[in-house]
Amino acid sequence: MAYENILVETSGPVGLIRLNRPKALNALSDGLVTDMEKALNAFEDDPAIGVIVVTGSEKAFAAGADIKEMAGFGYMDAYLNDFITKKWGRLATCRKPTIAAVAGYALGGGCELAMMADIIIAADTAKFGQPEVTIGTIPGAGGTQRLTRAIGKAKAMEMCLTGRMMDAAEAERSGLVARVVPAADLLDEAMKLAERIAGMSRPVTMMVKECVNRAYEATLAEGLLFERRVFHSTFALEDQKEGMSAFGEKRQPAFKGK
Ligand SMILES: CC(C)(O)CC(=O)SCCNC(=O)CCNC(=O)[C@H](O)C(C)(C)COP(=O)(O)OP(=O)(O)OC[C@H]1O[C@@H](n2cnc3c(N)ncnc32)[C@H](O)[C@@H]1OP(=O)(O)O
């Protein structure tokens, strides 16, 4: 399927979405977000795909929501259309593991989109920020919540109140990104990581993701119980038998995804 605002490809078990509005620094217009939602739905439905990578360009992962598009919105446009949450959240609801490969600007909705992925890998050129306050609004796609959980209140508060950008090194120190790599290697590294995850048992990677995400939502006791129940359920998998047999036989496991 051809899209106007994104490029979509696959490489073995990895689905890749490249945001592609270069003249607007990948500003997240309604068209782009709609395209992304459709591509994510297609990858989620495709049994050949195990991991999804989202990336932008060298200059920008995404410079936020399309300011020109939303500048004239009234309260009712935003409220009645449930502006932001309706389509934007699709990356966060993917059941398959997701990776955001970020180079350049990841601002406002761009930063929020990256934080919806399970893992962020950053190029050394990456710049993260929530500059909404500088244009008279606030983050509306999870910035005040996910950034605070990722880097703590002090830094999140400072960034959201001032619009200050954080460079890649600070983002790594603060726990926002898993790893920083040279810009020229970003996509290769993200794809390698994706392939490594896609080589594991598919249901097990999905279970890991569910359990880690539960840590955000539940008390420790509830989270531990959830983890234990999911752990128990892995003993119903052929992949658990295969993984543990392979360990004993000193060979690589051949997971079947069941
Ligand atoms: C989702 C919510 C609810 O959380 C809300 C948001 O996301 S609000 C948006 C938050 N983002 C921003 O405020 C960043 C806006 N952009 C910038 O500050 C700058 O563009 C920059 C610092 C990222 C880069 O600056 P520079 O290199 O000087 O490039 P520009 O000439 O400014 O930009 C090139 C071109 O792209 C257009 N552009 C950039 N960002 C956006 C955007 N968010 N929406 C719409 N268009 C954007 C910019 O207008 C330029 O276009 P032209 O004027 O050349 O047609």
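Treat the numbers as computed from the prediction; the structure is a model and nothing was measured. First listed ligand is number 1; within each ligand, the first listed atom is number 1.
At the shortest separation from atom 29 (O) of ligand 1 among protein heavy atoms lies Leu25 CD1, 3.9 Å. Considering only non-hydrogen protein atoms, atom 27 (O) of ligand 1 sits nearest to Lys59 NZ, 2.8 Å. The protein atom (non-hydrogen) at minimum distance from atom 52 (P) of ligand 1 is Lys68 NZ, 3.7 Å.
Residue Gly108 approaches ligand 1 through these ligand atoms, each under 4.0 Å from one of its heavy atoms: 7 (O), 10 (C). Near Ile135, with a cut-off below 4.0 Å to any heavy atom, the atoms of ligand 1 are 8 (S). Ligand 1 places these atoms under 4.0 Å from at least one heavy atom of Ala24: 36 (O), 37 (C), 38 (N), 39 (C), 47 (C). Interface of Gly64 with ligand 1, defined as ligand atoms under 4.0 Å from a residue heavy atom, comprises 7 (O). For ligand 1, the atoms lying closer than 4.0 Å to a non-hydrogen atom of Glu132 are 2 (C), 4 (O), 5 (C), 6 (C), 7 (O), 8 (S). Of all atoms in ligand 1, numbered sequentially from 1 with element shown, those under 4.0 Å from a heavy atom of Pro139 are 4 (O). Shown in contact with Gly140 at under 4.0 Å from a heavy atom are these atoms of ligand 1, numbered in order with element: 2 (C), 3 (C), 4 (O). Those atoms of ligand 1 with a heavy atom of Glu112 less than 4.0 angstrom away are 1 (C), 2 (C), 4 (O).
At least one N or O atom of Gly109 sits closer than 3.5 Å to an N or O atom of ligand 1. Ligand 1 has no N or O atom lying under 3.5 Å from any N or O atom of Ile84, backbone or side chain. Here's the thing with Gln130: none of its N/O atoms is less than 3.5 angstrom from an N/O atom of ligand 1. Annotation: Met165 places no N or O atom under 3.5 Å from an N or O atom of ligand 1; distance criterion only.
Residue contacts with ligand 1: Glu69 is excluded, as none of its non-hydrogen atoms falls under 4.0 Å.
Using a 4.0 Å cut-off between charged side-chain N and carboxylate O, Arg21 and Asp66 make a salt bridge. Under 4.0 Å is where a charged nitrogen must lie from a carboxylate oxygen, and between Lys153 and Glu158 no such pair does.
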